[in-house]
*Asks:* 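This structure is in structure tokens; I'll ask about it shortly.
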Amino acid sequence: MNLLEKLDAAAAARKALLPEGVGAFGIPIEEVYSATEARIGERRVLLLGTNNYLGLTFAPECIQAAHKALDDEGTGTTGSRMANGSYYGHRALEREFADFYGCGSGIVFTTGYQANLGTISGLVGRGDTVLIDGDSHASIFDGCILSGAEIIRFKHNDMADMEKRLRRLGDRAETTLIIVEGIYSMLGDQAPLADIVELKNKYRCTLLLDEAHSLGVLGETGQGLVEKTGLQKEVDFITGTFSKSLCSIGGFCVSNHPQLDQLRYVSHPYIFTASPSPATIASTRAALQLLREGGHLRKQLWKNCTQLYNRLAEIGYQLGPEPGPVIAAILDSPKQALQIWQRLLEKNIYVNLILPPAAPDGKSLVRCSVNAAHTTEQMTYVGDSFAKLYHEILQS
Amino acid sequence: MTDNNYNEIIELLCDRLSSLTDSEVSITAETNLISELSIDSVKLLNLIMEIEDAFDISIPINALADVQTVHELASLISKIKSAS
Ligand SMILES: Cc1ncc(COP(=O)(O)O)c(C=O)c1O
């Protein structure tokens, strides 16, 4: 089989899973009206498949800041910070992230994907070990591959399995980086951080926490799981993305270890890529300010999350173990998931369809992402729609 | 010692693999895990976890990338076991 034939084989496998004409992946969105509505084809749909957790995509403060940066500094930086220089905005945003987490230093990356790639491959290398959760995001996994370290996975959120693997490492635990996520993007569940910290201290490893989905969502000021659990001092490195609750694009790493700064000189995903554009940085800085002051947004977000989670559980859907902005209905077959996804779209509700192998344990998911801009009425409509489909599709 | 260890591993692998696959192929050290046995990746990962517990080892995922046959998997397990 030549290279192109291999791609054809992969395309055939994909088409076997999804009937012709069903564009569940990369669905064309023609127009975006607000943080909760857009046009898909001729339908005005309710957006329930974005990561816009605080609903800030149209926040006037962010839009104005981005406009001003465009006017003042132009469209792009045209190069990497190492070679082409660090703008005032890049440095200011790094200070603001460090201040937000009460940490000594922070680094901004061009995407959240690169924040994980750059941090992980800068911290560990050949001869070191990474111990990662079985449900880790691809950016964590790819960062581990890039690093050359030995990759060991533990069963998702299973502390007995994690400890067993730490014990097996023996002396190598000292050069081991444990990596977990604040909220997992598939089922919306949180890492048992207090237990993880206890094990990290017992075995003297280093701990990296990715707050991609928990930033803005958990904790009094929205720091994430570290703040909710009060464990800021125990986590060595925190990464996150600007692409979800901050509604732009980019990523960061903060730490109390001054060695973080060294990553700027060794980490290829930081060095060999262009820095974020001035407008991106400006809107992110404005969004970070709104996020810190956004207690009311978190309150509304959690009200929506709890409402929808409880309703779906009541109907009988199998869900992830706890409520959160990611609410996934777990279906036994791709066919059921696809049917529910299609019927929801017919009811003008856009959610995410996740099929194996992307979903854990060979399951299929219909995943909803709730945000602070959704109204109680919208959540009720979504709940009613799911209820009808449960009877039509799962009980027939 | 190492040889015994290796044979014991092969035996365990062949036994577990034959219970996981529907295919009629008789499983030997040279059987290719991917092309000859139609075992899906979830089942294979579960098998790996079972083996890890049986031998009290962790098999790094990157090491698995080089594994095609039962023999290669057994050698890898034996190598990790003797290093631990
Ligand atoms: C857990 C996790 N980490 C990192 C990322 C990458 O973020 P970005 O979209 O900024 O590349 C994502 C986003 O998909 C994620 O879910």
Side-chain angles (χ1 to χ4, degrees), chain A residues 1 9 13 17 120-121 124-136 138 140-156 158 160-173 175-179 203 332 334 355-364, chain B residues 1-2 4-6 8-9 12-13 16-23 31-69 71-84:
Chain A
M1 227 194 275
L17 215 51
I120 297 166
S121 65
V124 291
R126 214 160 282 282
D128 302 326
T129 308
V130 282
L131 184 58
I132 65 174
D133 188 282
D135 281 3
S136 289
I140 292 173
F141 190 73
D142 292 355
C144 295
I145 295 281
L146 181 66
S147 77
E150 278 202 346
I151 307 168
I152 295 173
R153 293 210 292 191
F154 60 92
K155 282 189 207 151
H156 174 57
D158 183 332
D161 194 52
M162 182 173 172
E163 170 144 37
K164 197 161 62 186
R165 290 171 191 282
L166 283 166
R167 176 179 53 72
R168 288 172 187 161
L169 281 170
D171 293 343
R172 285 162 50 211
T175 50
T176 294
L177 178 67
I178 300 172
I179 310 176
Y203 289 90
D332 288 331
L355 302 179
D361 295 332
K363 300 281 187 183
S364 298
Chain B
M1 180 70 195
T2 317
N4 280 342
N5 188 355
Y6 173 83
E8 189 190 312
I9 297 167
L12 180 111
L13 284 178
R16 293 299 301 123
L17 284 166
S18 57
S19 74
L20 279 182
T21 175
D22 308 327
S23 97
T31 304
N32 189 304
L33 292 164
I34 293 109
S35 62
E36 288 180 69
L37 304 176
S38 46
I39 297 177
D40 70 49
S41 58
V42 175
K43 277 192 189 151
L44 198 59
L45 273 181
N46 287 341
L47 170 66
I48 297 286
M49 286 206 186
E50 205 183 303
I51 294 168
E52 290 179 317
D53 281 348
F55 294 98
D56 198 25
I57 55 170
S58 291
I59 304 175
I61 300 177
N62 7 21
L64 279 177
D66 295 330
V67 169
Q68 297 262 341
T69 63
H71 157 73
E72 284 164 355
L73 182 55
S75 309
L76 175 66
I77 295 167
S78 163
K79 195 176 112 201
I80 296 173
K81 182 74 195 149
S82 50
S84 67

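A note on names: the letters A, B, ... follow the listed sequences, proteins ahead of strands, and every chain is numbered from 1. The analysis underlying the following values was restricted to heavy atoms, covering all of them including side chains, and did not include hydrogens, waters or symmetry mates.
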*Asks:* Out of curiosity, A:Asp161 CG to B:Ser58 OG, how far, rounded to the nearest 0.5 Å?
*Replies:*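 One finds 8.0 Å between CG of A:Asp161 and OG of B:Ser58.
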
*Asks:* Which atoms of A:Arg172 come close to chain B, meaning under 4.5 Å heavy atom to heavy atom: side chain ones, backbone ones, both, or neither?
*Replies:*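 Neither part, no heavy atoms under 4.5 Å.
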
*Asks:* A:Arg168 and B:Glu52: side-chain contact (heavy atoms from CB on, under 4.5 Å), yes or no, with the steps?
*Replies:* CA-CA 10 Å; A:Arg168 288 172 187 161; B:Glu52 290 179 317; 4.0 Å; yes

*Asks:* What heavy-atom pair brings A:Ile152 and B:Pro60 nearest, and what distance separates the two atoms?
*Replies:*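 Answer, listing the atom of A:Ile152 first, then B:Pro60: CG1-CA, 4.2 Å.
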
*Asks:* Whether the side chain of B:Asn62 engages the backbone of A:Ile145 through a donor-acceptor N/O pair (distance < 3.5 Å, no angle test) should be reported.
*Replies:*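 It does not hold such a pair.
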
*Asks:* Give, for atom CZ of A:Arg153 and atom CD1 of B:Ile48, the distance between the pair rounded to the nearest 0.5 Å.
*Replies:*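 The CD1 atom of B:Ile48 is 10.5 Å from CZ of A:Arg153, to the nearest 0.5 Å.
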
*Asks:* At a heavy-atom distance under 4.5 Å, which candidate from A:Lys155, A:Arg165, A:Lys164, A:Arg167 has the highest pair count against chain B?
*Replies:*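 Greatest number of close heavy-atom pairs with chain B: A:Arg165.
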
*Asks:* Please classify the contact of B:Ile57 with chain A as side chain, backbone, both or neither, using a heavy-atom distance under 4.5 Å.
*Replies:*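 Backbone of B:Ile57 only, per the 4.5 Å heavy-atom cut-off to chain A.
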
*Asks:* Give, as side chain, backbone, both or neither, the part of B:Leu45 having an atom under 4.5 angstrom from any heavy atom of chain A.
*Replies:*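 Looking at B:Leu45, just its side chain touches chain A.
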
*Asks:* Check whether A:Phe154 gets within reach of chain B through its side chain, its backbone, both or neither, counting any heavy atom under 4.5 Å.
*Replies:*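 Neither part; nothing is under 4.5 Å.
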
*Asks:* Under a 4.5 Å heavy-atom cut-off, does chain A meet the side chain of B:Asn46, its backbone, both or neither?
*Replies:*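 Contact with chain A is absent: no heavy atom of B:Asn46 under 4.5 Å.
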
